[in-house]
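Some notes on the structure that comes next.
Residue numbers start at 1 and run along the sequence shown.
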Amino acid sequence: MLRPLYGDLVSLVQRAHSDWMQGPFARTMQDPKVRANVIWNQFLYYAKAHFEGSGLVRVENKANCQGLLVGTSFFVRMKKGTSQLLSRNYPTQAALDFNDASVDLFDGVARLELIYTLDDLGTAIDKVVLAQRHRSKILWAIDLLGGAEDHGQTVISLPVAPVDGGTPAERVLKPKKFAQKIKKTGSGDGSA
């Protein structure tokens with residue numbers, strides 16, 4: 001159901017980003033939130049026009065989230081993401097619930113994120129992925145720029161955090177490091 005939309009989703013994100021780059025605010029941006037908000041706005045604007053009359057996809061506002069409702073199965077919201085493919089929101093209860101897969105917000109409709117990331121300069125789209133998240137972990141992600149339409153669904157390998165053994169406290173708590181250890185060379189009473 002989602003695969004035929006991959007090209008459309010990428011095109012909508014790229015078009016919204018192009019509007020940002022060609023618009024009057026990119027060169028005077030004072031805060032990255034401005035860029036994210038303009039791209040989000042333009043994405044929704046183009047999505048409404050593109051999917052108008054479509055029986056399958058429409059722009060909806062559900063539980064204070066605007067995104068694409070695909071059939072009766074998926075709700076997709078577009079967000080700027082980090083290099084770990086995590087979107088960021090102010091941690092309201094609604095935002096926390098959206099990213100908690102154990103909470104049923106929309107009567108069985110699966111919640112997905114269409115994440116875009118930018119290059120190091122913030123001037124070009126680096127990745128566009130469709131992802132499902134549970135709290136602060138990505139459950140799966142499909143790379144839409146990496147030829148997902150040509151090669152089927154390409155699930156992105158996510159780095160696994162190394163486990164160094166020991167207890168969790170030993171892995172988290174680190175003793176202070178001293179530049180030099182002081183060795184005791186006697187009993188302190190002057191005798192050798």
Side-chain angles (χ1 to χ4, degrees), residues 1-20 32-118 125-149 151-158:
M1 176 181 280
L2 291 171
R3 188 181 300 201
L5 301 175
Y6 291 173
D8 294 333
L9 295 174
V10 169
S11 176
L12 292 169
V13 171
Q14 289 174 330
R15 203 165 164 199
H17 183 263
S18 178
D19 278 6
W20 163 256
K33 288 183 288 196
V34 174
R35 175 181 51 216
N37 286 333
V38 169
I39 293 173
W40 174 80
N41 183 79
Q42 294 306 99
F43 173 83
L44 291 175
Y45 169 76
Y46 288 125
K48 284 178 183 177
H50 182 76
F51 293 116
E52 184 178 14
S54 165
L56 179 64
V57 181
R58 64 183 184 275
V59 175
E60 288 258 334
N61 190 354
K62 286 188 157 291
N64 297 317
C65 292
Q66 271 196 299
L68 304 177
L69 183 63
V70 182
T72 58
S73 302
F74 301 101
F75 182 82
V76 181
R77 72 174 181 178
M78 192 276 296
K79 298 286 284 181
K80 181 185 178 298
T82 65
S83 59
Q84 293 80 30
L85 305 179
L86 296 173
S87 62
R88 295 191 312 202
N89 292 297
Y90 187 79
T92 63
Q93 192 58 52
L96 295 171
D97 287 348
F98 189 91
N99 289 319
D100 187 339
S102 65
V103 176
D104 183 13
L105 286 180
F106 308 146
D107 296 323
V109 174
R111 299 178 306 275
L112 306 176
E113 289 185 313
L114 179 64
I115 301 288
Y116 70 93
T117 63
L118 300 174
I125 291 177
D126 188 36
K127 289 182 185 165
V128 178
V129 300
L130 192 61
Q132 186 172 42
R133 177 173 165 179
H134 178 58
R135 298 183 180 149
S136 62
K137 297 200 183 333
I138 298 295
L139 300 177
W140 55 263
I142 299 170
D143 182 358
L144 302 185
L145 281 181
E149 287 189 302
H151 304 101
Q153 295 181 346
T154 307
V155 178
I156 297 172
S157 300
L158 299 172

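- If you check the side chains of D19 and Y46, you find a donor sitting under 3.5 Å from an acceptor.
- Residue F98 comes nearest to C65 through the heavy atom pair CD1-SG, 3.8 Å, listed as atom of the first residue, atom of the second, then distance.
- With rounding to the nearest 0.5 Å, the separation of CG in L96 from OG in S136 is 10.5 Å.
- One finds the CD atom of Q132 at 5.5 Å from the CG atom of L112 (value rounded to the nearest 0.5 Å).
- Of all heavy-atom pairs between I115 and L85, the closest is CG1-O, 4.0 Å.
- The backbone N or O of R77 lies less than 3.5 Å from no partner atom in the side chain of R111, so there is not a single donor-acceptor pair.
- A donor-acceptor pair under 3.5 Å links the side-chain atoms of T117 to the main chain of K127, judged by distance alone.
- Note that OG1 of T82 and CG of L118 are 11.5 Å apart. Values are rounded to the nearest 0.5 Å.
- To the nearest 0.5 angstrom, D8 atom CG is 11.5 Å from R15 atom CZ.
- The minimum heavy-atom distance between A16 and I39, with the atom names listed, is CB-O, 3.4 Å.
- Atom CG of N64 has 12 or fewer neighbouring heavy atoms from other residues, nucleotides or ligands inside a 6.0 Å radius.
- A pairwise comparison of heavy atoms in E60 and F75 identifies O-CE1, 3.9 Å as the closest pair.
- For N37 (side chain) and K33 (main-chain N/O), a donor-acceptor pair under 3.5 Å exists by modelled atom type.
- Inter-residue side-chain proximity for L68 and L9 is flagged as met; some heavy-atom pair is nearer than 4.5 Å.
- A donor-acceptor pair under 3.5 Å is absent between the side-chain atoms of R133 and the main chain of N99, judged by distance alone.
- Scanning all heavy atoms of the two residues, the minimum distance from L139 to A101 falls at CD1-CB, 4.5 Å.
- Two residues are said to be in side-chain contact when any heavy atoms from C-beta on lie closer than 4.5 Å; V109 and T72 fail this criterion.
- Cation-pi geometry between K62 and F106 is met: under 6.0 angstrom from the ring centre, within 45 degrees of the axis.
- The OG atom of S87 sits 11.0 Å away from atom CG of L114, with the distance rounded to the nearest 0.5 Å.
- Note that the CG atom of L5 and the CZ atom of F51 stand 5.5 Å from one another [nearest 0.5 Å].
- Residues L130 and W140 come closest through the heavy atom pair O-CZ3, 3.5 Å.
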Report task. Decide side-chain contact (heavy atoms from CB on, under 4.5 Å) for W20 and V34; before the verdict, give the C-alpha distance in whole Å, the side-chain angles of both, and the deciding distance to 0.1 Å. Result -> CA-CA 10 Å; W20 163 256; V34 174; 4.1 Å; yes
